[in-house]
Amino acid sequence: MSRARLTWNGAAAMRGTREGAARGLRLAAEHVLERARARVPIEEGTLERSGVASVDESTLTAAVSFDQPYAVRQHEDMSLRHDDGRTAKYLELPMSEEAGTVAEIIAAQVRRSMRG
C-alpha cells in the first residue's frame with residue numbers, strides 16, 4: 001500500500017482567495033460604473049465624469065458613486081426629464097440588472113486565484 005503526503009497551506013489559500021475576491025470586486029464595480037455612466041443624465045458631462053468605483057480590501061466591499069451636489073436629486077427625482085437613454089435611477093438600475101454579471105466576475109477572479 002502506498003501513501004501520499006499532502007501539505008495544506010490554508011493561510012496561503014485564504015490569502016489568494018481574498019486577493020481574488022478583491023480583484024473581482026474592483027472589476028465588478030468598474031463594470032457597474034461603466035453601465036451607470038451610459039445612463040447618467042447628461043448636460044455637460046460633469047456628473048458622468050464624477051463617477052468613481054472604489055474597493056475597501058480590508059472589508060471586501062465595493063462602492064460606485066457620483067460626486068456632484070445634484071447627483072442624488074438626479075438619481076431619485078423621477079419627474080425630471082432626461083435625454084434619450086438617460087434616466088433617473090442611473091445607478092440603481094444597472095446594479096440590479098447586472099447582479100448576475102457582477103457575481104460571475106467576482107467568482108471568476110476567486111477561481112483564478114485558487115488555481116495559482
**OP:** Give a yes or no answer on whether the side chain of Arg37 reaches the backbone of Glu48 with a donor-acceptor pair at less than 3.5 Å.
**Re:** yes
Original post:
Looking only at atom types and distance, does a side-chain atom of Arg86 sit under 3.5 Å from a main-chain N or O of Val40, one as donor and one as acceptor?
Top reply: yes
**OP:** Would you sort out whether Gln109 and Arg112 count as a side chain to side chain contact (heavy atoms under 4.5 Å, CB included), showing the intermediate values?
**Re:** CA-CA 5 Å; Gln109 293 303 311; Arg112 182 177 177 203; 3.6 Å; yes
Is there side-chain contact between [X] and [Y], with at least one heavy-atom pair below 4.5 Å?
| X | Y | answer |
| --- | --- | --- |
| Glu19 | Ser113 | no |
| Glu57 | Arg26 | yes |
| Leu25 | Ile106 | yes |
| Thr87 | Leu93 | yes |

Might you point out which heavy atoms bring [X] and [Y] nearest each other, and give the distance in Å?
| X | Y | value |
| --- | --- | --- |
| Asp67 | Ser50 | N-OG, 3.1 Å |
| Val64 | Ala29 | CG2-O, 3.5 Å |
| Ala28 | Val102 | CB-CG1, 3.7 Å |

Original post:
Passes salt bridge (Lys or Arg N to Asp or Glu O under 4.0 Å), Glu76 versus Lys89? Steps please.
Top reply: CA-CA 6 Å; Glu76 297 299 321; Lys89 304 298 184 180; 2.8 Å; yes
Do the side chains of [X] and [Y] join up, straight or via other hydrophobic residues, at under 4.5 Å, putting them in one cluster?
| X | Y | result |
| --- | --- | --- |
| Leu27 | Val52 | no |
| Phe66 | Leu80 | no |
| Ile105 | Val32 | no |

Original post:
Of all residues at least two apart in sequence or in a different chain, which pass the side chain to side chain donor-acceptor pair (under 3.5 Å) check with Ser58?
Top reply: Asp56
**OP:** List for me each residue that meets side chain to side chain donor-acceptor pair (under 3.5 Å) alongside Glu34, sequence neighbours excluded, and say none if there are none.
**Re:** none
Original post:
Does His31 have any ring-ring contact (aromatic ring centres under 6.0 Å, His included) partners at least two apart in sequence or in another chain, and if so, which?
Top reply: none
**OP:** Report the distance from atom CG of Leu47 to atom NE2 of His75, rounding to the nearest 0.5 Å.
**Re:** 10.0 Å
**OP:** Applying salt bridge (Lys or Arg N to Asp or Glu O under 4.0 Å), run through Arg39 and Glu97 and close with a yes or a no.
**Re:** CA-CA 13 Å; Arg39 289 187 175 183; Glu97 292 168 357; 2.9 Å; yes
